[in-house]
Number of protein chains: 2
Amino acid sequence: MNRKTGLILALDETSPERALWVASEVRKYVDAIKVNYPLVLSAGMEIVEKLSDMAPVICDFKVADIPNTNRLIVEQVRKRGASGIIVHAFVGSDSLRACVEAADGMDVFAVTEMSHPGGEEFTAKFADDLARTAVSAGASGIIAPATRPERIEHLRKIVGNLLILSPGVGSQGGSPESAIKAGADFIIVGRTIYKSKNPAESAENMVREIGLY
Amino acid sequence: MNRKTGLILALDETSPERALWVASEVRKYVDAIKVNYPLVLSAGMEIVEKLSDMAPVICDFKVADIPNTNRLIVEQVRKRGASGIIVHAFVGSDSLRACVEAADGMDVFAVTEMSHPGGEEFTAKFADDLARTAVSAGASGIIAPATRPERIEHLRKIVGNLLILSPGVGSQGGSPESAIKAGADFIIVGRTIYKSKNPAESAENMVREIGLY
């Protein structure tokens, strides 16, 4: 992915049928679809292939293992046609580098701080170091919470031209405008779109709100 | 699982056929079989069901997400008949507690420090806090590296009667005797067994070495 303002759907559905329907409804409004393990463990990795036919897919697997296991996980994801993967920097630079090497051009995004309360206990304290680890390991970008725009602004200074993907918009209270103003490139939106009765309309509204139209 | 000296096979195969064959060969020598994502992403969660027919299965998924996602992942694992799951404590006590609640009796093991070089950058520095988080969240036990028995001894003081599972034995250089002497309950062995031409013989040898015979 290249730097621009864009929208990523966090497709946190566990029903594959509903997930595929939502994806087909919103594909023209989103730059990528982010999937997590609850969907993949229920539907199998075939869902990544099916979704990849509709939009670029980012596997939000928060990969957090030793280098060799990380490499094997990233290889499985690449084989299914995903365009990106989200990994933890907390497990160290060698583990992160193993992801970047195995990604072979696929985007690798490293988690810096997390937006839930428990994220304050460890990840938020070392977010700067985690962001530096992402830069030195050759990641494509980082994940930083839209709920804390001042942190996005700060982390932008550390990661330079790397991509910043920001979750926490909508139901979790983050404002897309302030996240973008703070330096986020892509806004990640979940429930507001996939739980909507009309996901296409909700995605279109979000795209307007972000200012892409 | 209850406290005792035992052997866990780290079944880090990616071929489901080989994985099932190894499991059937060694089932009578091991207390549990640990599987990781590379196998599950290649073979599907059905492999967890099939292996569970042979021995208790621990899903080494190093779960490291927000509480709600953690909960959904643990539910998927429980549904397939696994007996345990390995999760990260660094995502905070709420995320860990969500795993314990969703586990509903299934064992939850929290990673403290990791044995690879990158593990020194973050996890090892906060291993004591991570172990305390495991205790307070109600985890069944922790993971601590057999390659550093002095750390097992130290962490045992923090976790009291919780289980300690120790990887790093065999190919990675850790000695089962010194890990057990330091306070580990279960020794996790991978390549030495599953890469062996005769996995049953290798498992039996390991069981003798640990002193179970």
Side-chain angles (χ1 to χ4, degrees), chain A residues 10 12 14 36-46 48 59-77 79-80 86-98 111 114-126 129-130 133 137 167-168 172, chain B residues 10 12 14 36-46 48 59-77 79-80 86-98 111 114-126 129-130 133 137 167-168 172:
Chain A
D12 291 332
T14 47
N36 204 318
Y37 274 131
L39 176 62
V40 167
L41 294 182
S42 132
M45 281 293 276
E46 297 71 24
V48 173
C59 287
D60 184 4
F61 286 176
K62 302 211 169 57
V63 183
D65 216 308
I66 59 171
N68 191 51
T69 306
N70 276 10
R71 179 178 64 75
L72 293 170
I73 294 172
V74 171
E75 282 173 5
Q76 294 283 341
V77 165
K79 217 165 67 182
R80 302 295 183 147
I86 296 177
V87 308
H88 269 296
F90 207 90
V91 281
S93 48
D94 52 358
S95 287
L96 192 48
R97 221 163 23 237
V111 176
M114 296 173 78
S115 57
H116 66 299
E120 300 276 2
E121 294 171 28
F122 299 99
T123 64
K125 284 182 193 160
F126 316 107
D129 288 333
L130 297 171
T133 303
Q172 288 174 67
Chain B
D12 290 333
T14 47
N36 203 318
Y37 274 131
L39 175 62
V40 167
L41 295 181
S42 131
M45 281 293 276
E46 296 73 23
V48 173
C59 287
D60 183 5
F61 287 177
K62 301 212 171 56
V63 183
D65 216 308
I66 59 172
N68 191 48
T69 306
N70 276 11
R71 181 179 63 77
L72 293 170
I73 293 172
V74 171
E75 281 173 5
Q76 292 284 342
V77 165
K79 218 166 66 182
R80 301 294 184 148
I86 296 177
V87 308
H88 270 296
F90 75 75
V91 281
S93 46
D94 52 358
S95 288
L96 192 48
R97 224 165 20 240
V111 176
M114 297 173 78
S115 58
H116 65 298
E120 301 275 3
E121 294 169 28
F122 299 98
T123 62
K125 283 182 192 160
F126 319 107
D129 288 333
L130 297 171
T133 303
Q172 287 175 67

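Each chain gets a letter, A, B and so on, in the order the sequences are listed, and its residues count up from 1.
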L96(A), D65(A), N68(A), D129(A): which one forms the most heavy-atom pairs within less than 4.5 Å of chain B?
D65(A)
Where is the tightest heavy-atom contact between R80(B) and S42(A), given as atom of each residue plus distance?
NH2-O, 4.4 Å
Under a 4.5 Å cutoff for heavy-atom pairs, which residue among L72(B), V74(B), D12(B) has the most contacts with chain A?
L72(B)
Would you mind telling me which of M45(B), E75(B), E46(B) has the largest number of heavy-atom pairs within less than 4.5 Å of chain A?
M45(B)
Worked verdict on Y37(A) versus L41(B) for side-chain contact (heavy atoms from CB on, under 4.5 Å):
CA-CA 10 Å; Y37(A) 274 131; L41(B) 295 181; 4.0 Å; yes
So which part of A89(B) gets closer than 4.5 Å to some heavy atom of chain A, the side chain, the backbone, both or neither?
backbone
V48(A), T14(A), I73(A), D94(A): which one forms the most heavy-atom pairs within less than 4.5 Å of chain B?
D94(A)
Cut-off 4.5 Å, heavy atoms of chain B, and the answer for T133(A) is side chain
Hey, which of L130(B), V63(B), V111(B), D60(B) has the most heavy atom pairs under 4.5 Å with chain A?
L130(B)
Where K62(B) and A64(A) come nearest, the two heavy atoms and their spacing
CD-O, 3.3 Å
Can you tell me how far the CG atom of N36(A) sits from the CG atom of N70(B), to the nearest 0.5 Å?
9.0 Å
What one should report as the nearest heavy-atom pair of V91(A) and H116(B) is O-NE2, 2.7 Å
Evaluate the ring planes of H88(A) and F90(B), with Trp represented by its six-membered ring, and classify them as parallel (under 30°), tilted (30 to 60°) or perpendicular (over 60°).
perpendicular
Can you say whether V40(B) sits under 4.5 Å from chain A via the side chain, the backbone, both, or neither, judging by heavy atoms?
side chain
